[in-house]
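In this chain, numbering begins with 1 at the start of the sequence shown. Counting convention: from 1, in listed order, for ligands and their atoms alike.
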Amino acid sequence: MDFDPVRSSDPEVADALEGETTRQQETLAMIASENHASEAVLAAQGSALTNKYAEGYPNNRYYGGCENADTVEELARERAKELWGADHANVQPHAGTQANMAVYFSVLEPGDKILSLDLEHGGHLSHGHPVNFSGSLYEVEQYEMDPETGRIDYEGLDEHAREFEPDIIVSGYSAYPRVVDWERVQETADAVDAYHLADMAHITGLVAAGVHDNPVGIADFVTGSTHKTIRAGRGGMILTDEEYADVIDRTVFPGIQGGPLMHNIAGKAVGFGEALEPEFDEHIEQVVANARALGESMQEQGFSLVSGGTDTHLILVDLRESHPEVTGNDAAEALEEAGIVLNANTVPGETRSAKEPSGIRIGSPALTTRGFEEAEMREVGQLIGRVIDNIDDASVIEEVAAEVDRLTDDHPLYE
Ligand SMILES: *Cc1c(COP(=O)(O)O)cnc(C)c1O
């Protein structure tokens with residue numbers, strides 16, 4: 001990529017930008033929430049729209065000179081509506097957290113009640129964690145995974161809701177390898193007269209491709225990230241039906257944000273356009289097939305997967321049985337030395353701590369973007385297994401690093 005203009009004005013930053021491109025080229029990005037956006041998306045995000053103030057919405061702005069901003073935002077909104085079958089899309093949230101904030105601020109008062117999944121069980125900070133605004137402004141109770149099956153305990157969620165009588169129930173998760181039953185959560189929300197926010201952050205791409213059930217038309221509010229399985233650059237969005245369109249738009253601007261990040265909205269428009277191409281569905285089917293192949297390869301080596309497998313873009317490996325001495329952090333650190341970047345993660349029924357958890361979360365989206373298919377995913381599974389089996393053996397880590405070099409050389413990024 002061309003950083004010449006940066007280099008001539010700021011070599012220190014240029015070094016870091018080039019370093020990051022090289023790092024992404026030379027390592028396997030297996031953090032389940034990450035991906036590689038296309039050069040078209042990157043270029044749109046790096047465009048002169050970063051200079052433009054466009055407070056308001058298309059054809060209703062507080063500033064002049066917004067014709068190109070209007071075109072871009074209109075395209076992003078229309079494409080989002082088409083991808084997810086929504087009546088209304090707001091593409092201005094700076095990130096997924098701001099999208100969730102806008103939903104809460106639209107329908108809750110401070111002190112109202114949120115029922116959501118515990119962060120340690122795969123929830124998100126913005127679902128009511130004490131260190132986040134959502135935890136300090138609202139009264140939060142949390143449901144959990146069934147530690148036996150590694151799946152959402154819908155029965156427990158329903159009982160909990162009837163007791164707690166929440167104002168809103170949040171579904172949608174950060175580390176869940178199975179299909180979420182939006183209808184089932186909606187039944188509970190209806191029974192206790194609560195709103196339902198479906199946060200599909202991780203699985204926006206899977207839903208767009210029809211590989212995961214769509215919460216749009218079921219939940220009152222659907223939020224999502226635009227940089228995870230949909231490769232539209234960093235940001236957030238909100239999808240609703242007509243009923244909530246005005247309140248959501250008013251809450252995003254002027255309620256919680258000022259001028260929209262028009263350069264990012266341009267990235268969203270381009271990335272959504274790419275996702276409307278027929279090849280995108282094939283790509284997502286490959287993402288899921290790749291996660292499954294990786295999971296099978298791990299299981300063949302004796303590793304245990306939470307829920308016994310995956311229907312999505314990620315697997316969650318519980319190391320306690322196969323490698324009781326190895327924490328998720330130990331595994332993630334050794335793997336990073338070998339060029340495989342992923343994250344330690346808590347597992348349902350965690351017996352260690354959130355800081356030193358017993359699992360690792362592994363995603364297939366970024367490798368699939370680079371062109372990996374099942375055979376190579378199995379190979380990557382073998383490499384991960386070898387490192388964890390030989391966690392203190394520097395020579396094994398070196399051998400694996402050489403294999404990672406070969407695999408990454410075979411799949412160039414951003415040439
Ligand atoms: C990633 C994620 C978000 C959004 O995070 P941001 O970093 O604020 O974009 C929201 N909810 C869930 C469940 C997530 O996994």
Exercise for the section: Would you please test Asp318 and Ser304 for side-chain hydrogen bond (donor to acceptor under 3.5 Å, both in side chains) and show each step? Expected result: CA-CA 6 Å; Asp318 185 342; Ser304 160; 5.2 Å; no
Handout entry: Every residue of the protein that comes under 4.0 Å of ligand 1, judged on heavy atoms
Key = Ala95, Gly96, Thr97, His124, His127, Tyr173, Ser174, Asp199, Ala201, His202, Ser225, His227, Lys228
Problem - His127: side chain to side chain donor-acceptor pair (under 3.5 Å) partners, not counting sequence neighbours - result: Asp199
Exercise for the section: With sequence neighbours excluded, give me every ring-ring contact (aromatic ring centres under 6.0 Å, His included) pair touching residues 347-371. Expected result: none
Exercise for the section: Provide the full list of ring-ring contact (aromatic ring centres under 6.0 Å, His included) pairs with a residue in residues 326-367, sequence neighbours left out, each pair given once. Expected result: none
Problem - Whether over 12 other heavy atoms sit under 6.0 Å from Glu155 CD - result: no
Handout entry: Distance-only polar pair, side chains of Asn290 and Ser364, donor-acceptor under 3.5 Å
Key = no
